[in-house]
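The structure appears right after this line, and notes come after that.
A, B, ... follow the sequence lines: proteins, then strands. Residue 1 opens every chain. As the structure is a prediction and not an experimental result, all values here were calculated from the model.
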Amino acid sequence: MKRCNSFNINKKEIDFVQTLMCGQIFSYKQFENKILVLSGDKQAEVFEFENFYKITTDDIEYFKNFFDLKNDYEKIKQKLILQGGEILAKAIEFGRGIRILKQDLLEVIVSFVFSANNNIKRITASLFELRNKYGTKLNDNFSAFPTLKQLGKINEIEFKKLGAGYRSAQLVKLITQLEELELKNLEKLDTEELRKKLISLSGIGPKVADCILLFGFARIDVFPVDTWIKKVFNLYYGKSDNINQIRKILIDKFGELSGYAQQYLFYYQRSCLKV
DNA sequence: AGCCAGGGACTCC
DNA sequence: GGAGTCCATGGC
C-alpha cells in the first residue's frame, strides 16, 4: 500500500456530511470517528475536529479536485439567492456546506442507471455489493469500483442478484455500448450534444443523463428533475407534471448555475420536508 | 394493500 | 413527439 498523506480544511469551506448526504454520491460510509469516501479505485478518510476536517488519502490532489475545494461557493450562493427567491435562500442556508463532487465518470454512469425508479438505501446496498463482488480488493472490507473490463463479465442474472431488478438487461447492454465508446472523447461535445449521446445509451433517459452530466462531466448548466424536484417545483415555482417543461423553466431561471440550485433544493426538500 | 423510490423502454396514435 | 403502460424490489 502506498504511503498515506493528509491535509486539513476549515469547516467554513465544506460540510462533509451535507456534501456526501445530498444525494450526489452513493459510495461513502460513516463510522463513529470517520467517514470513508470511495471514488473509482481511490479512497479517502475524513476525520472531524472542532474547527477543521483532516483528510487522509494516498492521492491528495485527486481528492482536492474531487471535493471541488478550489471553487468559490460564496460567490455562487450570492448569485443564486438573487435568482431563486426565498425558498432557495432557505435551501442554501440549510445546505450551506454542500459542494458538487467531481466523481469518477464510469462509476457515475453505472450508479445512476441503478438509481432509476429506486431508493437511495437500495441503490447504495447494490453498489457496495457490486464493488465487493466484481471490483479489485482495496482492503478487508471494501473494493474498488469495477473497471469496464470487470463490468463486462457480469451477466443479467448476476446483476439481478445485486438487486438491479429490471435494470439488469439495460446494464448488460449499456456496458457493451460503453466498451465501444471512448468516454474521454465525449468531453469535447457541448452539453446538449453530450446529453443526446448519453440518452441514446441503454438505461439512460433524460434524468439519469442530467445526473451524469452534472456529477461525472462537471456540466453545471443542467437540472436533473426527479420526484423530489417535482415536489419542490409544484410547491414553490409553478404547476406542472411535465418533467421536460419543469426542466426548461428551471434551467431558464438558473442558467449556468442550475446544477448548484438543483443540489441545494434536492437536499433541502429531502431532509427537511419529508412528509 | 397500495404507494413510493434520484425513471426508462416500448407501444400506441 | 406526446401520453399510457409496464417494469423488480423493499420499506412504509
Side-chain angles (χ1 to χ4, degrees), chain A residues 18-28 91 95 98 100-101 103 105 107-130 154-178 192 195-217 219-220 222-235 237 239-251 254 258-275:
Chain A
Q18 291 177 0
T19 296
L20 295 167
M21 289 189 65
C22 69
Q24 56 182 326
I25 182 168
F26 305 102
S27 56
Y28 69 95
I98 289 176
I100 306 278
L101 300 172
Q103 301 184 51
L105 180 55
E107 180 167 9
V108 168
I109 293 173
V110 174
S111 297
F112 278 90
V113 171
F114 267 86
S115 81
N117 196 25
N118 203 341
N119 63 66
I120 290 180
K121 189 179 174 186
R122 277 191 76 228
I123 300 161
T124 303
S126 291
L127 290 173
F128 269 107
E129 206 179 336
L130 174 67
I154 308 174
N155 63 34
E156 186 176 340
I157 293 171
E158 291 171 314
F159 272 119
K160 283 191 177 171
K161 283 183 189 166
L162 298 174
Y166 61 83
R167 306 165 198 82
S168 300
Q170 298 172 2
L171 282 161
V172 172
K173 188 174 176 188
L174 170 69
I175 286 157
T176 65
Q177 290 172 325
L178 292 177
E192 202 44 48
R195 188 168 189 270
K196 281 180 191 163
K197 182 68 190 171
L198 290 170
I199 290 175
S200 76
L201 301 175
S202 172
I204 301 178
K207 189 269 171 182
V208 170
D210 285 336
C211 286
I212 295 168
L213 286 164
L214 179 56
F215 305 133
F217 284 98
R219 305 293 175 98
I220 312 297
V222 298
F223 206 115
V225 177
D226 69 339
T227 56
W228 298 98
I229 294 297
K230 258 196 252 177
K231 289 175 196 170
V232 176
F233 181 84
N234 281 288
L235 280 171
Y237 290 110
K239 266 206 195 310
S240 177
D241 284 328
N242 186 313
I243 290 175
N244 210 29
Q245 189 182 11
I246 294 173
R247 188 179 138 265
K248 278 178 183 162
I249 293 171
L250 291 171
I251 286 183
F254 294 108
S258 291
Y260 299 112
Q262 196 272 357
Q263 224 27 218
Y264 289 120
L265 290 171
F266 176 83
Y267 181 61
Y268 182 64
Q269 177 69 22
R270 230 188 129 247
S271 308
C272 267
L273 305 176
K274 273 185 190 172
V275 193

| message | Would you say A:T227 places a side-chain N or O within less than 4.0 Å of OP1 or OP2 belonging to B:dA5? | response | yes
| query | Is any side-chain nitrogen or oxygen of A:R122 closer than 4.0 Å to OP1 or OP2 of B:dA5? | reply | no
| ring pair (Phe, Tyr, Trp, His ring centres under 6.0 Å) between A:F26 and A:F128, worked out | CA-CA 9 Å; A:F26 305 102; A:F128 269 107; 9.9 Å; no
| request: Determine, answering yes or no, if A:F266 is stacked on B:dG6 under the 5.5 Å centre rule and the 30° plane rule. | output: yes
| request: Remember a base hit wins even if backbone is also touched, and classify A:L201 as base, sugar-phosphate or nothing at under 4.0 Å, heavy atoms. | output: sugar-phosphate
| query | A:L198 CG to B:dG6 C1': how many Å, rounded? | reply | 16 Å
| task | Would you mind telling me which residue lines up with the more 5' stretch of DNA chain B, A:C211 or A:Q170, judged by nearest nucleotide? | result | A:C211
| message | For a quick check of understanding: with a heavy-atom distance under 4.0 Å over all strands, which category does A:I243 fall into, base, sugar-phosphate or nothing? | response | nothing
| query | Quick one: do A:R195 and A:D210 make a salt bridge, cutoff under 4.0 Å? | reply | yes
| field | Shortest side-chain distance from A:N242, nucleotide among C:dA3, B:dA9, B:dG7 | value | C:dA3
| field | Evaluation steps, side-chain hydrogen bond (donor to acceptor under 3.5 Å, both in side chains), between A:R122 and A:N119 | value | CA-CA 6 Å; A:R122 277 191 76 228; A:N119 63 66; 5.8 Å; no
| query | Can you find a side chain N or O atom of A:K121 that sits less than 4.0 Å from OP1 or OP2 on B:dG6? | reply | no
| Integer-rounded Å distance: C:dC7 P and A:R167 CZ | 14 Å
| Distance in angstrom units between A:I123 CD1 and B:dG7 P, rounded | 7 Å
| request: Report yes if a donor N or O on one partner sits less than 3.5 Å from an acceptor N or O on the other, where the partners are the side chain of A:Y267 and the base of B:dG6; otherwise report no. | output: no
| task | Take atom NZ of A:K161 and atom P of C:dT9, then tell me their distance rounded to the nearest Å. | result | 13 Å
| Spacing of A:L171 atom CG relative to B:dG8 atom C1', expressed in whole Å | 12 Å
| field | A:N119 side-chain proximity, nearest of C:dA8, B:dG8, C:dG10 | value | C:dG10
| request: Can you tell me, in whole Å, how much space there is between the P of C:dC7 and that of B:dG6? | output: 22 Å
| said: Give me the distance, rounded to whole Å, that separates C:dA8 from B:dT11 when you measure between the P atoms they each carry. | reply: 15 Å
| In whole Å, what is the span from the CG atom of A:D226 to the P atom of B:dC4? | 14 Å
| task | With DNA chain B as reference, determine whether A:K173 or A:G23 sits nearer its 5' end, using the nearest nucleotide of each. | result | A:G23
| task | Let me know which of A:I251, A:I249, A:I246, A:L214 forms a side chain to side chain contact (heavy atoms under 4.5 Å, CB included) with A:F223. | result | A:I251
| Gap between atoms CZ and P, on A:F159 and C:dC7 respectively (whole Å) | 21 Å
| query | What integer distance in Å separates A:Y166:OH from B:dC10:C1'? | reply | 13 Å
| task | Determine the interatomic distance between P on B:dG8 and the same-named atom on C:dG11; round to the nearest Å. | result | 24 Å
| query | Once you round to the nearest 0.5 Å, how far does CG of A:D241 lie from CZ of A:F233? | reply | 10.0 Å
| Stepwise, does the side chain to side chain contact (heavy atoms under 4.5 Å, CB included) test hold for A:V110 with A:L130? | CA-CA 10 Å; A:V110 174; A:L130 174 67; 4.2 Å; yes
| query | Is there a donor-acceptor contact under 3.5 Å from the side chain of A:Q262 to the main chain of A:P224? | reply | yes
| Between B:dG6, B:dG7, C:dA3, which nucleotide gets closest to the side-chain atoms of A:V208? | B:dG7
| Base of B:dG7 paired with side chain of A:K207 (donor-acceptor, under 3.5 Å) | no
| message | Within the 4.0 Å heavy-atom criterion, would you say A:Q263 contacts the bases, only the backbone, or no part of the nucleic acid? | response | base
| message | Can you tell me which nucleotide in B:dG8, B:dG7, B:dG6 comes closest to the side chain of A:N117? | response | B:dG7
| said: Heavy atoms only, 4.0 Å cut-off, all strands: where does A:S202 land among base, sugar-phosphate and nothing? | reply: sugar-phosphate
